Amino acid sequence: MPDAPGLELIAQEINGTHEGAVIETAHEHGAAALIVDPERVLDALRWLRDTPGQQYHFLASLHAADYLPGEPRFGVHYELLNMARVERVSVKALLRDPAAGNGAALGEGEVLPEIDSCVELFPTAEYHEREAYDFFGIRFRGHPDLRRILLPEDYVGWPLRRDFPIGGEPVLFTHNEIETPRWYE
Amino acid sequence: MADEREIRAMEPGLDPEAEDPSLAVVERVAEEAAKRGDGDEQVMTVNMGPHHPATHGVLRLVVSLEGERVLDVRPVVGYVHTGIEKSCEDKSYWKVIPFVERMDYLTYFFQMQAYCGCVEQLLGLEVPPRAQYLRVLHMELNRIHSHLVWLGTTALDLGAISMFWYCFRERDRILDLFEMSTGQRMHTRYFQVGGVFEDIPAGFADNVRAFCEEMPERIDQYAALLDRNEIFLHRTKDVGIVSRDRLLELGITGPLLRASGEPWDLRKVSDYLPYGDFDFNIPVGTVGDGYDRYRCRLQEMRESVRIISQAIEGLPEGPWIADDRKVVLPPRDELGTSMEALIHHFKLVTEGFRVPPSELYYPIESPRGELGCFVVADGSSKPARVHFRDPSFVNLQMLRDMCIGGLIADLIQNLGMLDPILGGIDR
């Protein structure tokens, strides 16, 4: 990973070509992170991938996190890797929750946080973004096939959000199916 | 289904007017296809799985076929999703270990290392050298174990049933070793934050030495059975080739990437454990077909045996777990005499230790590729988020590229060589 001054240089260079794309840098536990403007995340990723001298061609992982009660609430993390230099840099985009304060409207008409999809830049992101959508309800604009991946298609809710209860849902067995009328519908 | 007229047409002697009854059926199919206007192609969509022995788990494949040729493959996953990542958020840090072990049920030591290593780095905790060596030892045994299960089941898919028995015989020896050192055959919960749970018992080193002596010979026997086996060669040679650039685009890691000639192994380039102390090689392939993938994994087992014998010979003396009483349970014998030890024990068991607010992505090399653990700590004694970047999940994206244009029999071979573990994919 780039050292702290190297990370600052990267941040400055990105901001030189894409004004205001990098908001902040973080360097802790031997890991470097760029905190970027969610609207400009593709600019930052493309710059890191294509600039000679950077060449972060490999997207090792993409995952989301919910920082409730922090604000902005959601984080999308891109773990970039340069295999030749064995350097990792993590790019983090923080998203506000557009539904904050509107109560919990699930299903139709729900407002979801949105970010541009990076499948064009890194085809490996296809499954990762589907997973982030599945668990956190983050909509990736321009994703070729944004459906739930691990949960059933008809599932309602975003279970890895911090305000999603752990309690669970009743499981249907033969001994209690009479308690759930018309379950077969 | 053929209707009665068709059956009659296919039975010679029943319809005196048709000279060659099978020709009549072909003509009829061609006529129907011409009426639809798509030439003589017929696309059939077949559902493979979720319950099928060749899918190595509960994997569903929606396959579009034209005759025997695969036009499209769409994997459908999630059948064994158990919400482990969510459950982890409700447990204190040390109680998360058994959960993450159960994701990929063949590489439990690797999940433990990814998680414990991540938490240790967040805490800034040093792991004593003996614990690091014991971790390497168990992880490499685990790598052989995982590759043996892969080899046995994949060879079984390709018709070599005896391979299954041979591989599982050796796998059982490894599980016996695990049972001896950790008390459990699978899901051992042996790694703790700060080190390992217990020192190895007397006699374990000798058993490991005996295993290391025998295993290379066994691997040679597997190789003798498969390397130049004509059926195996026909099934694997030049099948499922994906270019190296495409693999990197798709984020593929592990033996699948190495088989295509890219010598990328985190054990060599990263210092998460003292792999630098050991002399071992990274096997790479040239073509990247099924045969290369097989040879790479076989050679990896030999290299793992070398690491294990070096680790057991060079095992440093000293403690096997860190001495930080705020994180690590005090030794049992201190509880009877020391009030402080009792307090620490009580605090750790009831509440657990706290991790200062921070987050970290921690990758290691599992038998299937880059296994990453991402932990967000919020300052409490429970993690705010535990995410696993499972190599099987990412590698599954490669299946389409491997299979399209090939035969359906090759799909089985490709899936076997992909080595997906559905517990890891679905988590």
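Lettering of chains follows the sequences in order, A, B, ..., and the numbering in each one begins at 1. Bear in mind that the values here come from a model prediction, so they are computed numbers and not experimental data. Heavy-atom basis, side chains included; hydrogens, waters and symmetry copies ignored.
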K.L.:
Among residues 128-136 of chain A, which residues come closer than 4.5 Å to chain B, judged by heavy atom distances?
P.N.:
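Under the 4.5 Å heavy-atom cut-off, A:His128, A:Glu131, A:Phe135, A:Phe136 qualify.
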K.L.:
Need one label for A:Leu81: side chain, backbone, both or neither, based on atoms under 4.5 Å from any heavy atom in chain B.
P.N.:
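The answer is the side chain of A:Leu81.
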K.L.:
Side chain, backbone, both or neither: which part of B:Phe393 has an atom under 4.5 Å from a heavy atom of chain A?
P.N.:
both
K.L.:
Any side-chain heavy atom of A:Glu79 within less than 4.5 Å of one from B:Pro363?
P.N.:
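No, too far: nothing below the 4.5 Å cut-off.
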K.L.:
Please step through side-chain contact (heavy atoms from CB on, under 4.5 Å) for the pair B:Val376 and A:Tyr67, ending with a clear verdict.
P.N.:
CA-CA 9 Å; B:Val376 177; A:Tyr67 294 103; 3.9 Å; yes
K.L.:
Is the CG atom of A:Asp163 crowded by more than 12 outside heavy atoms at less than 6.0 Å?
P.N.:
yes
K.L.:
Does any backbone or side-chain atom of A:Ala64 lie under 4.5 Å from a heavy atom of chain B? Answer side chain, backbone, both or neither.
P.N.:
backbone
K.L.:
Just wondering, do A:Asp66 and B:Arg385 contact through their side chains at under 4.5 Å, heavy atoms?
P.N.:
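The answer is no; the side chains never approach within 4.5 Å.
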K.L.:
What do the steps show when you test B:Glu85 against A:Arg161 for salt bridge (Lys or Arg N to Asp or Glu O under 4.0 Å), and what is the final call?
P.N.:
CA-CA 11 Å; B:Glu85 289 179 3; A:Arg161 290 191 178 185; over 6 Å; no
K.L.:
Side chain from CB out, backbone as N, CA, C, O: work out which of these in B:Val77 comes under 4.5 Å of a heavy atom of chain A, or both, or neither.
P.N.:
both
K.L.:
Which value, rounded to the nearest 0.5 Å, describes the distance between A:Leu68 atom CG and B:Asp378 atom CG?
P.N.:
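If I round to the nearest 0.5 Å, the distance is 10.5 Å.
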K.L.:
For the CD atom on A:Glu120, are there more than 12 heavy atoms of other groups (residues, nucleotides or ligands in this structure) within a distance under 6.0 Å?
P.N.:
no
K.L.:
If you measure from CD1 on A:Ile166 to CG on B:Asp90, what distance do you get to the nearest 0.5 Å?
P.N.:
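Nearest 0.5 Å value for the CD1-CG distance: 3.5 Å.
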K.L.:
Considering only heavy atoms, which portion of B:Ser270 lies under 4.5 Å from any heavy atom of chain A: side chain, backbone, both, or neither?
P.N.:
neither
K.L.:
Hey, would you say the B:Tyr361 and A:His63 ring centroids sit under 6.0 Å apart?
P.N.:
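That pair passes the under 6.0 Å test.
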K.L.:
State, yes or no, whether a side-chain contact exists between A:Phe58 and B:Thr253 at a heavy-atom distance under 4.5 Å.
P.N.:
yes
K.L.:
Are the side chains of A:Lys92 and B:Glu359 in contact, using a 4.5 Å heavy-atom criterion?
P.N.:
yes
K.L.:
Pick one of side chain, backbone, both or neither for B:Val269, based on which atoms fall under 4.5 Å of a heavy atom in chain A.
P.N.:
both
K.L.:
Between B:Arg389 (side chain) and A:Ala60 (backbone), is there a donor-acceptor pair under 3.5 Å?
P.N.:
yes
K.L.:
Do the side chains of B:Arg74 and A:Asp145 get close enough for a salt bridge, i.e. N-O under 4.0 angstrom?
P.N.:
no
K.L.:
Looking only at heavy atoms and a cut-off of under 4.5 Å, which of A:His77, A:Arg148, A:Glu28, A:Glu126 has the most pairs with chain B?
P.N.:
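With the most close heavy-atom pairs to chain B, the winner is A:His77.
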K.L.:
With the threshold set at 4.0 Å, does a side-chain nitrogen-carboxylate oxygen contact exist between B:Glu249 and A:Arg49?
P.N.:
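So B:Glu249 does not pair with A:Arg49 through a salt bridge.
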K.L.:
When you compare the side chain of A:Tyr127 with that of B:Pro75, does any pair of heavy atoms fall below 4.5 Å?
P.N.:
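They are in side-chain contact.
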K.L.:
Can you find a pair of side-chain heavy atoms, one from B:Glu370 and one from A:Ser61, that are under 4.5 Å apart?
P.N.:
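Of all side-chain heavy-atom pairs linking A:Ser61 with B:Glu370, none is under 4.5 Å.
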K.L.:
Start with the C-alpha gap between B:Glu89 and A:Arg162, add the side-chain angles, then the distance that decides, and say whether side-chain contact (heavy atoms from CB on, under 4.5 Å) holds.
P.N.:
CA-CA 9 Å; B:Glu89 292 173 14; A:Arg162 295 287 276 165; 3.2 Å; yes
K.L.:
So B:Leu250 and A:Phe122, do their side chains get closer than 4.5 Å, heavy atoms only?
P.N.:
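No - every pair of side-chain heavy atoms lies 4.5 Å or more apart.
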K.L.:
Any idea which of B:Leu360, B:Leu122, B:Val76, B:Val394 has the most non-hydrogen atom pairs under 4.5 angstrom with chain A?
P.N.:
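That would be B:Leu122.
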K.L.:
Quick check: does any side chain N or O of B:Lys86 sit under 3.5 Å from a backbone N or O of A:Pro159, one acting as donor and the other as acceptor?
P.N.:
yes
K.L.:
How many angstroms lie between atom CG of B:Leu248 and atom CG of A:Leu59, to the nearest 0.5 angstrom?
P.N.:
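These two atoms lie 12.0 Å from each other.
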K.L.:
The test is side-chain contact (heavy atoms from CB on, under 4.5 Å); show your working for B:Leu257 and A:Met83 and say whether it passes.
P.N.:
CA-CA 13 Å; B:Leu257 180 63; A:Met83 282 186 168; 4.1 Å; yes
K.L.:
Could you tell me whether A:Glu71 atom CD has more than 12 heavy atoms of other residues or ligands within 6.0 Å of it?
P.N.:
yes
K.L.:
Between A:Leu151 and chain B, with a heavy-atom cut-off of 4.5 Å, which part of the residue counts as in contact: side chain, backbone, both or neither?
P.N.:
side chain
